[in-house]
Amino acid sequence: MTTPFHIPAPPAAWPRHPLLNVWADDPEPGALLDHLCHQGGLVFTINPDHLYHLQRNREFLRAYRQADVITVDSHYVRMALNRMGRPIHHHITGSDLVPRLIAHASTHDVDLRVFLLGAQPGVAQRALERINARHGKRLVVGAFGPSMNFIRDAEETAHALRLIRDSGANALMVGLGAPKQEIWLARWREALPDVKLLMGVGATIDYEAGEVVRAPVWMRQMRMEWLYRVLSEPRRYLMRYVRNTEFLHLMWQDRRGRYRDPLA
C-alpha cells in the first residue's frame, strides 16, 4: 500500500497501519505497558479531533510524526480502519492508559517516576496526592499546573523544565489539550534527556484529581463517553464533535485512493 510519507517501522511486538497523514499502532495492552515501562518513548493517543487538526496544523503534524507510539483513542477511528482492512484490535484511551501504566509499574516494581504537567493550578498536585495515596508509594514525584499563557511564556516554560529535571522524573504526562500538549512535548523532548517516557494525556490529570467525573462505566463500555461529555459540557464539546465527523469523509476518500495530505 502506498502512502504519502514514510511510516517508520513499528516495534516488533505489534503492527502499524497508515491513518490519513499519520499512522496507528495496535499494541496488545500488556505488551504496551511493558514497552512503555522499559523502553519509554513519545506517546500520543489519536482521535477524530486530532485528525481534524492534523489536516490543518503543520506544527502538530510534525509533532505527531516524531511519535514512537500512536494508540487509537476512538472506537470510530478503530471501526473505520477495520473496514479498510487495517485491523485495530485494541482501543486504548489516554484516560485508561495512565492509571493502568502507573498500577503496572507499582505491582511489577518498575522504576517509574512520574511528573504531571497540566490542568488548572493546583489540580495536578491533587492528582499527585490521590495517585500516591492509592498505591501507598511515591510514584508521582512532581506536579505543575501552568497558567493559560504557558505555551507562549518562555519564562514559565523554563520554570516547568527546571521543575521536571529537579524532580528526578523519568516519565512526563502532559495534559494541556491537543494540539498544544503534543507540540510542547515534541519541542522540548530533547531538553529532558532523563525523561524516557513522554505522553500527551488530555483531561486525564483532571480525572485523576477528581476534578472532572468520567462517564459511567456502562457508557464507556458502549463507546458512548463522547455523548456524556457533550451532555455535561455542551458549549465545550458539541461543535467539536460535529466538526470531527469530517474524518468519516476523509476515510471514505482514503478507502477509494483519493485522499491527499493537505499539508504535504
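These numbers come from the heavy atoms of this one structure, side chains and all, not from hydrogens, waters or symmetry mates.
Going from atom CD1 of Ile70 over to atom NE2 of His50 covers 10.5 Å, rounded to the nearest 0.5 Å. Thr204 OG1 to Leu97 CG: the interatomic distance, rounded to the nearest 0.5 Å, is 8.5 Å. Distance check, rounded to the nearest 0.5 Å: CG of Leu51 to CZ of Arg56 gives 10.5 Å. Separation of atoms CH2 (Trp252) and CZ (Arg256) is listed at 5.0 Å; rounding is to 0.5 Å. Expressed to the nearest 0.5 Å, how far CG of Asp153 lies from CE of Met148 amounts to 13.5 Å. Expressed to the nearest 0.5 Å, how far CD of Gln55 lies from CZ of Phe60 amounts to 10.5 Å.
With sequence neighbours excluded, no residue forms a salt bridge (charged side-chain N to carboxylate O under 4.0 Å, His left out) with Arg255. In terms of the side-chain contact (heavy atoms from CB on, under 4.5 Å) criterion, residue partners of Arg152 (sequence neighbours excluded) are, by chain and number, Asn149. Residues satisfying the salt bridge (charged side-chain N to carboxylate O under 4.0 Å, His left out) test with Arg189, not counting sequence neighbours, are Asp68. In this view, Pro10 and Trp14, Arg16, Asp25 satisfy the side-chain contact (heavy atoms from CB on, under 4.5 Å) rule, not counting sequence neighbours. For the side-chain contact (heavy atoms from CB on, under 4.5 Å) test, no residue two or more places apart in sequence or in another chain qualifies with Arg260. With sequence neighbours excluded, the residues forming a salt bridge (charged side-chain N to carboxylate O under 4.0 Å, His left out) with Glu59 are Arg187, listed by chain and number. Thr45 pairs by the side-chain contact (heavy atoms from CB on, under 4.5 Å) definition with Thr71, Asp73, not counting sequence neighbours. Not counting sequence neighbours, the partners of His108 by the ring-ring contact (aromatic ring centres under 6.0 Å, His included) test are His104. Taking Asp111 as the reference, Arg113 meet the salt bridge (charged side-chain N to carboxylate O under 4.0 Å, His left out) condition, with sequence neighbours excluded.
Residue pairs meeting the salt bridge (charged side-chain N to carboxylate O under 4.0 Å, His left out) criterion with at least one partner in residues 137-148, sequence neighbours excluded, are absent. Residue pairs meeting the ring pair (Phe, Tyr, Trp, His ring centres under 6.0 Å) criterion with at least one member in residues 145-164, sequence neighbours excluded, are Phe144-His159, Phe150-Trp184.
The closest side-chain heavy-atom distance from Asp261 to Phe5 is not below 4.5 Å. Looking at heavy atoms from C-beta onward, Val22 lies in side-chain contact with Ile46 at the 4.5 angstrom threshold. The shortest side-chain heavy-atom distance between Leu112 and Leu101 falls under the 4.5 Å cut-off.
A salt bridge does not link Asp26 with Arg86: none of the charged nitrogens is closer than 4.0 Å to a carboxylate oxygen.
Between Phe44 and Tyr64, the ring planes lie tilted relative to each other; the angle falls in the 30° to 60° range.
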Derivation of the side chain to side chain contact (heavy atoms under 4.5 Å, CB included) call for Leu172 and Leu192: CA-CA 10 Å; Leu172 173 61; Leu192 298 166; 3.8 Å; yes

Criterion side chain to side chain contact (heavy atoms under 4.5 Å, CB included) on Asp254 and Arg258, from CA distance to verdict: CA-CA 6 Å; Asp254 192 9; Arg258 299 176 185 172; over 6 Å; no

Residues Glu28, His89; criterion side chain to side chain contact (heavy atoms under 4.5 Å, CB included); working and verdict: CA-CA 8 Å; Glu28 187 277 326; His89 298 95; over 6 Å; no

N/O donor-acceptor pairs under 3.5 Å from side chains in residues 120-131, not counting sequence neighbours:
unit_1 : atom_1 : unit_2 : atom_2 : d
Gln125 : NE2    : Glu129 : OE2    : 3.2
Arg126 : NH2    : Glu211 : OE1    : 2.8
Arg130 : NE     : Glu208 : O      : 2.8

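No continuous path of ILVMFWY side-chain contacts below 4.5 Å connects Val69 to Leu42, so the two sit in separate hydrophobic clusters.
When the options Ile164, Asn170, Leu185 are evaluated for a side-chain contact (heavy atoms from CB on, under 4.5 Å) with Val195, the one that passes is Ile164.
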